[in-house]
Amino acid sequence: MPTAYQIRVKGHLDPRLSTWFDGFTITHTANGDTLLTGMVMDQAALYGVLERCRDLGLTLIAIKQSTEEKMIHVEASEVINARPEKLYAIVRDYRVGHQAILPRPYFTSMVVEEGGVGAGTVIRVKMKVMGQDFDYHMDVAEPEPGRVISETDRITGQRSTFTFEPLNGGTQTRVTIATRAKGSAGLRGVMEKLFVPSVTRRIFRQELRQLADYAQKAA
């Protein structure tokens, strides 16, 4: 059976290396370390991840079985024919640009409580997915200004990120929307793992298409 592990290494590792670590999630800690969290099928797979850490010259601090087996991680990416700074500006504008790219009818409303542009913005979001209503009270941050925007729900801790990677000299951008949320226990948790990723990925892909269309019209 797959087992979840959390590996702590010294220093902040580039989040783009997550694919090099077999999809492990890369999280930076406040004290300057990096947490690599993910599932491995067996000990051989775990040793493979540790060998990659060694090849990168990383200092291993700790390794333990993670308590995050029930975490659900979903992401979707698209290459858009627009410069990263333009797309970043659209997404961080929660009063105009971000409102325009929200996929309907999944998102029924977004209200800006504080700020409105980038870090420090506070929003309330209402969604309706598969007949269920969801309410989020989220804080917006820019952990990597110009590259990453994050939204974190105050109640559940669910965190979504928008990552902008320049391509072809900055004429194109790979935009990735990702979310990480705690899953439920029991049968409900099993159902979530079966259906939530596909539905969420569909919403993300629609949002990415609408971002591309909005950027083209604003050219």
Side-chain angles (χ1 to χ4, degrees), residues 12-28 34-39 49 52 55-56 71-107 110 116-119 121 123 125 127 129 136 138 140-153 158-181 193 195-219:
H12 280 174
L13 194 61
D14 190 331
R16 288 175 293 185
L17 289 173
S18 61
T19 55
W20 208 61
F21 285 96
D22 294 328
F24 267 56
T25 299
I26 294 177
T27 305
H28 294 162
T34 295
L35 297 178
L36 299 169
T37 306
M39 305 290 290
V49 175
R52 290 183 178 91
D55 293 343
L56 287 173
M71 297 297 289
I72 299 175
H73 176 84
V74 185
E75 66 177 55
S77 299
E78 183 164 325
V79 175
I80 298 177
N81 293 320
R83 298 192 65 83
E85 58 268 24
K86 179 176 183 177
L87 299 174
Y88 190 91
I90 292 172
V91 174
R92 76 190 295 262
D93 178 7
Y94 283 82
R95 293 192 181 276
V96 180
H98 206 120
Q99 297 271 1
I101 67 172
L102 291 177
R104 314 288 182 180
Y106 301 109
F107 286 85
M110 175 190 285
V117 179
T121 296
I123 55 175
V125 178
M127 295 184 69
V129 182
Y136 300 100
M138 311 189 84
V140 177
E142 296 178 82
E144 297 181 50
R147 184 175 180 275
V148 180
I149 298 170
S150 68
E151 303 168 352
T152 304
D153 183 53
Q158 177 173 327
R159 186 172 185 263
S160 298
T161 58
F162 298 80
T163 303
F164 304 81
E165 301 176 66
L167 302 174
N168 297 323
T171 59
Q172 293 181 307
T173 308
R174 177 182 290 110
V175 184
T176 301
I177 306 177
T179 192
R180 187 171 178 79
K193 287 190 176 182
F195 296 106
V196 169
S198 61
V199 174
T200 303
R201 199 170 290 112
R202 184 189 314 153
I203 294 172
F204 287 171
R205 286 172 177 161
Q206 184 176 336
E207 188 164 1
L208 289 166
R209 288 194 298 270
Q210 292 181 191
L211 173 60
D213 291 342
Y214 186 85
Q216 185 177 22
K217 292 176 183 177

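Computed from a prediction, not measured in an experiment: that's the story for all the values here.
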Calculate, to the nearest 0.5 Å, the distance between atoms [atom1] and [atom2] belonging to [X] and [Y] respectively.
{"X": "Tyr214", "Y": "Ile80", "atom1": "OH", "atom2": "CD1", "answer": "13.5 Å"}
{"X": "Arg83", "Y": "Thr171", "atom1": "CZ", "atom2": "OG1", "answer": "7.0 Å"}
{"X": "Arg180", "Y": "Thr37", "atom1": "CZ", "atom2": "OG1", "answer": "6.0 Å"}
{"X": "Asp213", "Y": "Gln216", "atom1": "CG", "atom2": "CD", "answer": "6.5 Å"}
{"X": "Met127", "Y": "Arg104", "atom1": "CE", "atom2": "CZ", "answer": "10.5 Å"}
{"X": "Thr161", "Y": "Ile177", "atom1": "OG1", "atom2": "CD1", "answer": "9.0 Å"}

Answer whether the closest heavy-atom distance between the side chains of Leu102 and Glu207 falls below 4.5 Å.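 Yes; the side chains approach each other to less than 4.5 Å.
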Counting C-beta onward and ignoring hydrogens, is there a side-chain heavy-atom pair between Arg95 and Gln99 closer than 4.5 Å?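 Answer no - side chains too far apart.
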Apply the test side-chain contact (heavy atoms from CB on, under 4.5 Å) to residues Thr27 and Thr34: give CA-CA distance (whole Å), side-chain angles for both, the deciding distance (0.1 Å), then the verdict. CA-CA 6 Å; Thr27 305; Thr34 295; over 6 Å; no
Evaluate the side-chain contact (heavy atoms from CB on, under 4.5 Å) criterion for residues Thr152 and Arg159: first the C-alpha distance (whole Å), next the side-chain angles of each, then the deciding distance (0.1 Å), finally the verdict. CA-CA 4 Å; Thr152 304; Arg159 186 172 185 263; 3.6 Å; yes
Show the nearest heavy-atom pair for residues [X] and [Y], with the distance to one decimal.
{"X": "Leu208", "Y": "Ser77", "result": "CD1-C, 3.8 Å"}
{"X": "Arg92", "Y": "Ile149", "result": "CB-CD1, 3.6 Å"}
{"X": "Phe204", "Y": "Ala76", "result": "CB-CB, 3.8 Å"}
{"X": "Met138", "Y": "Tyr136", "result": "CG-CB, 3.7 Å"}
{"X": "Val125", "Y": "Ile123", "result": "CG2-CD1, 3.7 Å"}
{"X": "Thr173", "Y": "Ala82", "result": "OG1-O, 2.7 Å"}

Quick check: does any side chain N or O of [X] sit under 3.5 Å from a backbone N or O of [Y], one acting as donor and the other as acceptor?
{"X": "Gln210", "Y": "Ile101", "result": "yes"}
{"X": "Glu142", "Y": "Ala119", "result": "yes"}
{"X": "Tyr106", "Y": "Val129", "result": "no"}
{"X": "His28", "Y": "Leu13", "result": "yes"}
{"X": "Ser160", "Y": "Thr179", "result": "no"}
{"X": "Asp93", "Y": "Val96", "result": "yes"}

If the condition is ring pair (Phe, Tyr, Trp, His ring centres under 6.0 Å), which residues does Phe162 pass it with, not counting sequence neighbours?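 By the ring pair (Phe, Tyr, Trp, His ring centres under 6.0 Å) rule, Phe162 matches His98.
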What do you reckon, is CZ of Arg147 surrounded by more than 12 foreign heavy atoms closer than 6.0 Å?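 Yes, because the 6.0 Å sphere around CZ of Arg147 holds more than 12 heavy atoms from other groups.
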